[in-house]
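These numbers come from the heavy atoms of this one structure, side chains and all, not from hydrogens, waters or symmetry mates. To find a chain, count down the sequence lines: A is the first, B the second, and so on, and within it residues start at 1.
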There are 2 protein chains.
Amino acid sequence: MTNSDSISVPERKRGSGVKVVYDLLRDEILDLKLAPGSLIDEVQLAERFKMSRTPIREALVRLASEGLIETLPNRSTMVSNIDFLNLNTFFDALVLMYRATTRLAAQHHRPEDLAIIRGFHEDYAEAVKARDTLAMIATNAAFHAAIAEAGRNPYFTSLFRRLLDEGRRILSLYYKSYEDQFPQRFVDEHAEIIAAIEARDIEAADRLSKAHAELIVSQVLKLFSRKDQFDIAL
Amino acid sequence: MTNSDSISVPERKRGSGVKVVYDLLRDEILDLKLAPGSLIDEVQLAERFKMSRTPIREALVRLASEGLIETLPNRSTMVSNIDFLNLNTFFDALVLMYRATTRLAAQHHRPEDLAIIRGFHEDYAEAVKARDTLAMIATNAAFHAAIAEAGRNPYFTSLFRRLLDEGRRILSLYYKSYEDQFPQRFVDEHAEIIAAIEARDIEAADRLSKAHAELIVSQVLKLFSRKDQFDIAL
DNA sequence: TGCATTTTTCTTGTCGACATATAAAATACA
DNA sequence: TGTATTTTATATGTCGACAAGAAAAATGCA
C-alpha cells in the first residue's frame, strides 16, 4: 500500500501548522510570488495546506501584525501594497538601522559571529557570480541580519529584519528590470564592513555602513525616478 | 423583561472580540496588573470574556508577535519577563528613537500635530501636579508617541511605541518605589522640546531629546543599581 | 432604461467538541 | 526509601459547522 492510498494520514506534527503556513506565506509575499494587493482566501489556503481554517487564521493574524498583509473587517484580507509614495520613510529607517546595527556589531560581536557573517558574505558573492538575483537579494538580507544579530540588540534586530523584508520586495522589482555592475561593488563594501567590525573600529563601521546604505538608496531612487510612474504602480 | 433576564444575549458586535481581548490584556500587562512571568489560561480568559477560545487565541497570537507574552508549545503561555540583565539594549534603542522621532517631528510636523502634542503635554503636567504616577507614565508615553506620529515615519513610530510600552512596565516599578522631583523637570524639558519642534530647529530637537532621554536612563539606572538585586528580580 | 430594494452568494467570525502532548500524580520495583 | 515507570489530569492544537456581514446579483417599479 503506497502512501497516496491512505487518505486519512495526518503526517504533520501537532503545533507545526501555524508555523508552516506563516513561513511559506511570508516567503511568497517577500519574493513577490504573491503580488501586493492580491486577495487571500482562508478556505483556499485551508485546502492547499490540508488543514482547518483555525491555524490558517492564526498565521494570518501574525502576518497582519507584522504589516505583511492587511485585513478588512468581515471582508477579505490582502497582501500589503508597497507604498512607493513614502519610500523616503523606508530609506530613512533603513539607513539608520544599517548604521546602528553595524556599530553595535563592532562593539559586541564575538568570534563565532564573524564566521557566520563571512558565510553569508561568501553566499552573496557566489550569487553575484552566478547572476542569481533572487539569491542575491536573500543572501544580502541574511548578511546584514547576521551583522545585526552580532550587535545583540533585539529591538534593532527586529526592526531591521522588518526593513530588510520590505527591502526584499522592493529590490525584487529593482532587479527584475535592471542588471548592472553594482552587486560586485556591494561585495567589496561588505568585505570592508567585515574588516571594520573585526577591528572593533566603531567609527569606521558607522561610516562604511552609512555609505553602503546610501549607495543602495540612491541607486534605487535613481531607478524609480527614471521609470515611468505607471509602470511601477503595482 | 429586563436585560439580565435574557440569558443568550450576545451584546457584542461581530469582529470586535479579538480587539477587546487584545486591548484589555495589553493594558493589564503594561500596567503590571498581570505580573511578568504569570501564566495565562485560555479557558479562564474565555470564561471571563464570555466568548470561545478562538478569538482569545487570536488575541494571544498578536500579543506574542509583539513580544508581550511568550508561548511554550503545547504548554501554557506566560507574560513576558522584564529582562533586567539587558536593560542597556533597551536604553540604547530608546535613546536613539527619542532622537530620531523628535528630529523628524521638527522636520515634518503640521500645525494640527502641535495641538495634539500640547494636549498630552498638559495632561502630563496635570498628572505630575496630582502625583498620579500611573497617569504620569501613560501620558508621558502618549506625549512622545504623539511626537513620533508628527514625524510621520511608521517604522520608527512602531518601534518607538513598542519601546514606550516596555518602558511603561519598567517605570511602573520605578515609581512604585520612589517619588521624587524629577517629573517636574520632565515637564519643563517637554516644553523645550515642543518649542524646538515648532521652530523646526532639527539640531535643537536632537540635542534636547537626547539629553531628555539620557536623563531618564541615568535616573532609572541609578535606581536599579541602588536597589537590592533580589528585590527587583520579578 | 435607470434607480431603489430585495434576494442571493460568499467569506469571514465564532462556537463547541475532540485529539494530543506535557506535566503531575500514582504506582511499581529494587 | 528512592528511583523508574505507568497512569491520570489538564491545557493546548485542531477540526467541522453554524451564523452574521458585506458585496454581488436579481428583482421591482417608475
Could you tell me the separation between the NZ atom of A:K13 and the P atom of C:dT22, rounded to a whole number of Å? 11 Å
Is the distance from OP1 or OP2 of C:dC15 to the nearest side-chain N or O of B:S52 less than 4.0 Å? yes
Salt bridge between B:R57 and A:E58, side-chain N to carboxylate O under 4.0 Å? yes
Across the strands shown, which category fits B:L45 at heavy-atom distances under 4.0 angstrom: base, sugar-phosphate, nothing? nothing
A:R14 or B:P55: which one's nearest nucleotide on DNA chain C is closer to the 5' end? B:P55
Can you tell me the distance, in whole Å, between the CZ atom of B:F49 and the P atom of C:dC15? 13 Å
For B:L39, report the nucleic acid contact type (base, sugar-phosphate, nothing); a contact means any heavy atom under 4.0 Å. nothing
Could you state the CG-C1' distance from A:N74 to D:dA24, rounded to the nearest angstrom? 16 Å
Using whole Å, report how far CZ of A:R75 lies from P of C:dT12. 8 Å
Salt-bridge contact A:D165-A:R26 (side-chain N to carboxylate O under 4.0 Å): yes
When B:D41 and A:M51 are each assigned the nearest nucleotide of DNA chain D, the 5'-most assignment goes to B:D41
Spacing between A:R57 atom CZ and C:dT11 atom C1', to the nearest angstrom: 10 Å
Separation of C:dT11 atom P from A:I56 atom CD1, nearest Å, is 15 Å
Salt bridge check: are B:E126 and B:R131 linked by an N-O gap of less than 4.0 Å? no
Please determine whether the number of non-hydrogen atoms from other residues, nucleotides or ligands lying under 6.0 Å from atom CD of A:E28 exceeds 12. yes
With a 4.0 Å cutoff (strictly under), does any side-chain N or O of B:R53 reach OP1 or OP2 of C:dC15? no
Between P on D:dT12 and CD on B:E47, what's the gap in Å once rounded to a whole number? 12 Å
Separation of atom NZ in B:K19 from atom P in C:dT12, rounded to whole Å: 21 Å
Below 4.5 Å, heavy atoms only, C-beta onward: do A:N153 and A:T101 meet side chain to side chain? no
